[in-house]
Amino acid sequence: MLLFDDYKKDILEEIKKMYSVSENDMDINGDYGDFTLKIFKFQDKKEEVYNKIRAALTKDYIEKIDLQGNYINFFIRADKMLNAVESSIETFGMYPNIFQDTSKALIEHTSSNPTGPIHVGRIRNSIIGDSIYRIINRFGTRSCTQYFVNDSGKQVISLYLGHVKYHEEEPMTVENLLDGYQKIYSNMEKDPSIKKEIQELDERYERGDRELISNIQKTAAIVLESITATLEKLGIHISTYVWESNFILYGDVASLINRLSDELKLEGNAKYLEIGDKKIFVTRQDGTSLYFARDLVYHMFKSENFDWIIDVLGEDHKDHAKNLDYVLHNYLDFPSRINYLFYGFVSLDTGKMSTRKGNIITVNDLYEKTIEESEKIIREKRPDYSEETVGQISRAVASSSIRFNIVKINANKPLTFRWSEALNFEGDSAPYIMYAYARACSVLSRARNSTGSSKEYNEYEKNLIKAMYLYPYYLQNSVDFLRADIMAGYMLYLVKSFNEFYLNCPVIGNEEEQKRIGILKAFKRIMEDSSELLGIQLLEKI
RNA sequence: GGGCUCGUGGCCUAGUAUGGAUAAGGCACCGUCCUUCUAAGUCGGUGAUCGUGGGUCCAAAUCCCACCGAGCCCGCCA
């Protein structure tokens with residue numbers, strides 16, 4: 001829960017004593033006032049409403065109240081807003097402060113099959129998941145992230161078999177494994193024996209063949225390690241990993257299927273649940289379990305330790321999640337709150353991506369190319385920077401840019417990856433944000449000990465103060481709707497306010513220096529706070 | 001065929017949950033501003049029948065219906 005001087009709520013409380021209003025009747029981002037109340041639906045005449053409200057609201061933080069058409073605009077004193085921000089930062093080290101929630105949240109994200117390098121489609125999952133994790137943590141709900149490692153089923157078996165068949169004498173590198181995996185799928189049509197081999201291995205696997213399981217785990221682990229290394233480049237660290245095979249090995253899948261036995265129907269020997277008019281199979285004819293069953297087990301496992309479960313899933317999982325949710329709540333007394341966060345697919349302007357077909361842009365490639373582009377620009381713009389500084393900035397720019405370009409788009413929109421946009425460091429981009437921070441730091445580093453404490457704020461100062469003050473409202477919205485893109489939009493708004501301030505309000509040597517230094521200090525802190533939520537790495541020099 | 005999602009200037013996006021003030025940003029293009037703190041910036045300009053057609057309403061990008069277009073799902077794959 002966020003703690004701050006919530007003027008909006010305070011004003012609404014006063015109005016509620018006279019009229020029936022809800023949160024939604026008041027906006028925070030109107031062009032006409034700081035807070036805007038819509039009075040279309042009010043019974044009384046608008047002049048009467050206006051007079052009544054104006055008479056009742058004697059708050060010291062209100063500068064003025066205007067009636068314009070069917071809106072009442074509230075103007076808040078800049079010094080009060082700045083003070084709300086500054087005093088919170090001074091006392092608690094942050095604005096807004098938080099009340100730590102007792103419940104715990106678990107965000108499952110990525111969970112890519114470890115059958116190849118992570119590409120620009122899959123990374124949308126990781127970036128959204130990691131940002132939501134950071135946002136929820138900042139909100140005051142202790143949370144961690146988890147990767148469900150698919151080390152059972154036909155895909156990883158194919159990965160293993162690909163190595164045995166095509167690269168047995170060679171070392172188990174990611175490249176060899178991926179090549180073998182792709183060969184399995186391309187040769188399968190010509191050679192039906194491959195399918196049979198996979199099925200035999202699957203049966204051995206499900207019977208608990210320890211050696212086979214261990215070999216497949218080793219194979220998956222190599223690919224998983226490379227995925228993890230890629231994620232770390234983007235500042236994405238996953239707290240825990242859960243291996244799917246363990247649920248089979250230790251009998252959890254079997255006991256869950258047993259628990260569901262009253263609901264299960266048979267088609268031959270295959271078991272299924274009937275949901276609506278659909279059959280959801282949990283075991284195959286040969287008795288081996290299916291992903292749906294293992295995912296049920298996994299969710300029950302998650303609920304043992306967490307009160308709030310969030311799954312970040314591709315939109316192709318919508319039906320799966322719907323069915324899963326149904327079974328969890330109707331047959332298994334699922335105890336936790338659960339949210340499914342879906343995201344649309346990422347395509348290339350040349351078409352769809354497929355790991356099996358090999359037409360992907362890997363995140364490693366994207367990262368390297370973004371670093372190169374960034375280095376080129378820095379050498380051009382800042383010829384005096386050392387190679388070490390250039391490298392350091394470029395890594396921060398690459399990681400931040402990749403994240404920001406993906407997180408700023410609403411998750412349920414489809415996304416087309418374009419190099420021209422990925423490598424553009426102007427406009428709505430991470431460098432735009434990083435640059436503003438560096439400018440603020442540069443001014444602050446030149447600050448002298450100055451005096452004078454004006455309480456008058458011009459429009460640029462006030463706009464920046466207001467943008468900072470409003471941070472908790474955007475943070476709250478991000479949490480309520482589990483939307484990291486709201487935070488991205490907020491940062492662009494905050495930075496735009498700063499740039500206008502910077503251009504129009506000289507600081508060093510100005511008679512307003514002390515006051516403006518105060519504004520900049522608060523800005524610096526809010527920037528650090530909000531950037532952290534999206535994994536944007538701020539640097540004092542860029 | 002059935003279900004879900006998306007459709008906003010040449011291109012990308014915000015606004016849709018909760019209908020309400022001139023539809024807000026960015027890219028590209030044209031022009032402005034560095035002897036004040038980082039021009040990866042600022043300001044101004046060109047450019048939108050908000051997919052199409054109906055409906056509800058004092059009021060529709062937003063709600064309802066139909067249609068068109070794109071994506072995803074409709075496995076004893078995950």
Side-chain angles (χ1 to χ4, degrees), chain A residues 22-25 27 29-32 36 38-41 68-71 73 111-113 115 148 150 152-156 158 244 267-272 278-292 294-295 314-320 322 342-345 347 352 374 377-378 380-382 397 405 408-410 412-416 418 420-421 424-436 438-447 477 480-481 483 485-486 488-489 492-493 495-496 498-500 502-510 513 516 520 541-542:
Chain A
S22 74
E23 288 273 310
N24 305 324
D25 293 317
D27 291 335
N29 43 14
D31 297 331
Y32 303 84
T36 298
K38 294 176 260 191
I39 53 169
F40 292 90
K41 289 170 190 155
Q68 279 179 54
N70 288 304
Y71 300 87
N73 292 309
S111 299
S112 280
N113 282 347
T115 49
F148 190 38
N150 170 239
S152 63
K154 288 179 179 169
Q155 255 121 66
V156 276
S158 302
E244 198 172 318
E267 190 169 300
N269 287 321
K271 294 173 180 166
Y272 67 90
K278 275 187 292 187
K279 294 174 178 176
I280 309 295
F281 283 87
V282 295
T283 66
R284 296 191 184 92
Q285 197 66 241
D286 60 15
T288 56
S289 66
L290 289 157
Y291 166 64
F292 190 80
R294 300 192 293 262
D295 209 22
E315 63 180 352
D316 54 335
H317 278 62
K318 275 185 180 173
D319 275 359
H320 170 79
K322 202 172 135 195
F342 299 105
Y343 63 93
F345 273 46
S347 55
K352 284 199 280 188
S374 172
I377 291 170
I378 298 167
E380 200 178 287
K381 290 182 190 291
R382 318 266 187 267
V397 164
N405 279 330
K408 73 178 177 183
I409 311 288
N410 189 328
N412 58 23
K413 298 257 185 179
L415 183 67
T416 304
R418 291 185 183 85
S420 60
E421 285 167 21
N424 179 24
F425 300 150
E426 289 166 13
D428 293 350
S429 68
Y432 174 76
I433 292 164
M434 298 166 74
Y435 184 68
R439 280 172 136 186
C441 289
S442 173
V443 178
L444 284 170
S445 72
R446 285 160 211 265
N477 265 337
D480 288 348
F481 300 107
R483 280 181 49 189
D485 60 299
I486 290 177
L492 293 172
Y493 157 57
V495 165
K496 184 133 187 72
F498 166 79
N499 280 329
E500 285 164 16
Y502 181 87
L503 258 291
N504 293 289
C505 305
V507 180
I508 305 306
N510 191 281
E513 176 167 333
R516 289 179 177 164
L520 283 179
K541 276 185 168 187
I542 178 170

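Below, chain A is the first sequence line, B the second, and so on; all start at residue 1.
Side-chain atoms of A/Arg382 lie closest to B/rA40 of the nucleotides B/rC37, B/rC76, B/rA40. When distances are taken from the side chain of A/Asn24 to each of B/rU18, B/rC76, B/rC6, the shortest belongs to B/rU18. Of the candidate nucleotides B/rU36, B/rA40, B/rG19, B/rU36 has the atom lying nearest to any side-chain atom of A/Pro506. For A/Ala270, counting side-chain heavy atoms from C-beta on, the closest listed nucleotide (B/rC76, B/rA21, B/rA40) is B/rC76. Closest approach to the A/Tyr502 side chain among B/rA78, B/rA14, B/rC37 is made by B/rC37 (side chain taken as heavy atoms from C-beta onward). Comparing B/rA14, B/rC37, B/rC77 against the side chain of A/Ile508 picks out B/rC37 as the nearest. The nucleotide whose nearest atom lies closest to any side-chain atom of A/Lys41 is, among B/rG19, B/rA78, B/rA40, B/rG19. Of the listed nucleotides (B/rC43, B/rC76, B/rC72), B/rC43 has the atom at the smallest distance from the side chain of A/Glu500. Nearest to the side chain of A/Glu426, among B/rA14, B/rA78, B/rC27, sits B/rC27.
Remark: B/rC74 base-pairs with B/rG1. Criterion, Watson-Crick or G-U wobble with two distances under 3.5 Å. Using Watson-Crick or G-U wobble geometry with both donor-acceptor distances under 3.5 Å, B/rG69 finds its partner in B/rC6. Across all strands shown, B/rC37 forms no Watson-Crick or G-U wobble pair with both key distances under 3.5 Å. Using the Watson-Crick or G-U wobble rule with both distances under 3.5 Å, B/rU16 pairs with nothing in any strand shown.
Between the side chains of A/Asn499 and A/Arg439, a donor-acceptor pair is found at a separation under 3.5 Å.
Going from atom NZ of A/Lys318 over to atom C1' of B/rA78 covers 18 Å, rounded to whole Å.
Within 4.0 Å (heavy atoms only), A/Arg483 reaches sugar-phosphate atoms of the nucleic acid but no base atom. Across all strands, A/Tyr432 comes closer than 4.0 Å only to sugar-phosphate atoms, never to a base (heavy-atom distances). Counting any heavy atom pair closer than 4.0 Å across all strands shown, A/Glu23 reaches no nucleic acid atom. Using a 4.0 Å heavy-atom criterion, one finds that A/Tyr272 contacts no nucleic acid atom at all. At a threshold of 4.0 angstrom between heavy atoms, the contacts of A/Lys278 with the nucleic acid are absent. Residue contacts shown for A/Leu290 are limited to sugar-phosphate atoms, with no base heavy atom under 4.0 Å away. Using a 4.0 Å heavy-atom criterion, one finds that A/Asn150 contacts the sugar-phosphate atoms exclusively. Residue A/Ile378 is classed as a base contact, given a heavy-atom separation below 4.0 Å to a base. Backbone-only engagement by A/Pro414 is indicated by non-hydrogen atom pairs under 4.0 Å involving sugar-phosphate atoms exclusively. Nucleic acid contact class of A/Cys505 (heavy atoms, under 4.0 Å, all strands): base. Using a 4.0 Å heavy-atom cutoff across all strands shown, A/Leu444 reaches no nucleic acid atom at all. A/Asp295 comes within 4.0 angstrom of no nucleic acid atom, judged by non-hydrogen atoms across all strands. At the heavy-atom level, A/Lys496 lies under 4.0 Å from the strands shown only through sugar-phosphate atoms. Across all strands, A/Thr36 comes closer than 4.0 Å to base atoms (heavy-atom distances).
Between A/Phe342 and A/His317, a ring centre-to-centre spacing not shorter than 6.0 Å is recorded.
Once the 5.5 Å centre distance and the 30° plane angle are applied, the aromatic ring of A/Tyr32 is found stacked with the base of B/rA21.
The nearest heavy atom of RNA chain B to A/Phe345 and to A/Leu503 marks one nucleotide each, and the one closer to the 5' end goes with A/Leu503. Each of A/Gln155 and A/Asp25 was assigned the nucleotide of RNA chain B with the nearest heavy atom; the assignment lying further toward the 5' end belongs to A/Asp25.
Listed pair A/Asn499 / B/rU42 meets the phosphate criterion, a side-chain N or O lying under 4.0 Å from OP1 or OP2. The phosphate of B/rC76 has neither OP1 nor OP2 within less than 4.0 Å of any side-chain N or O from A/Lys154. Distances shown here put every side-chain N or O of A/Arg284 at or beyond 4.0 Å from the OP1 or OP2 atom of B/rG75. Taking side-chain N and O atoms only, A/Lys413 has no distance below 4.0 Å to OP1 or OP2 of B/rC6. A/Arg439 has no side-chain polar atom (N or O) that falls below the 4.0 Å cut-off from OP1 or OP2 of B/rC37.
No hydrogens or angles were tested; on distance alone, nothing pairs the side chain of A/Asn424 with the base of B/rA28 as donor and acceptor under 3.5 Å. Between the side chain of A/Glu421 and the base of B/rC12 there is no donor-acceptor pair of N/O atoms closer than 3.5 Å.
For B/rC72, the glycosidic angle deviates from 0 by more than 90°, giving an anti base.
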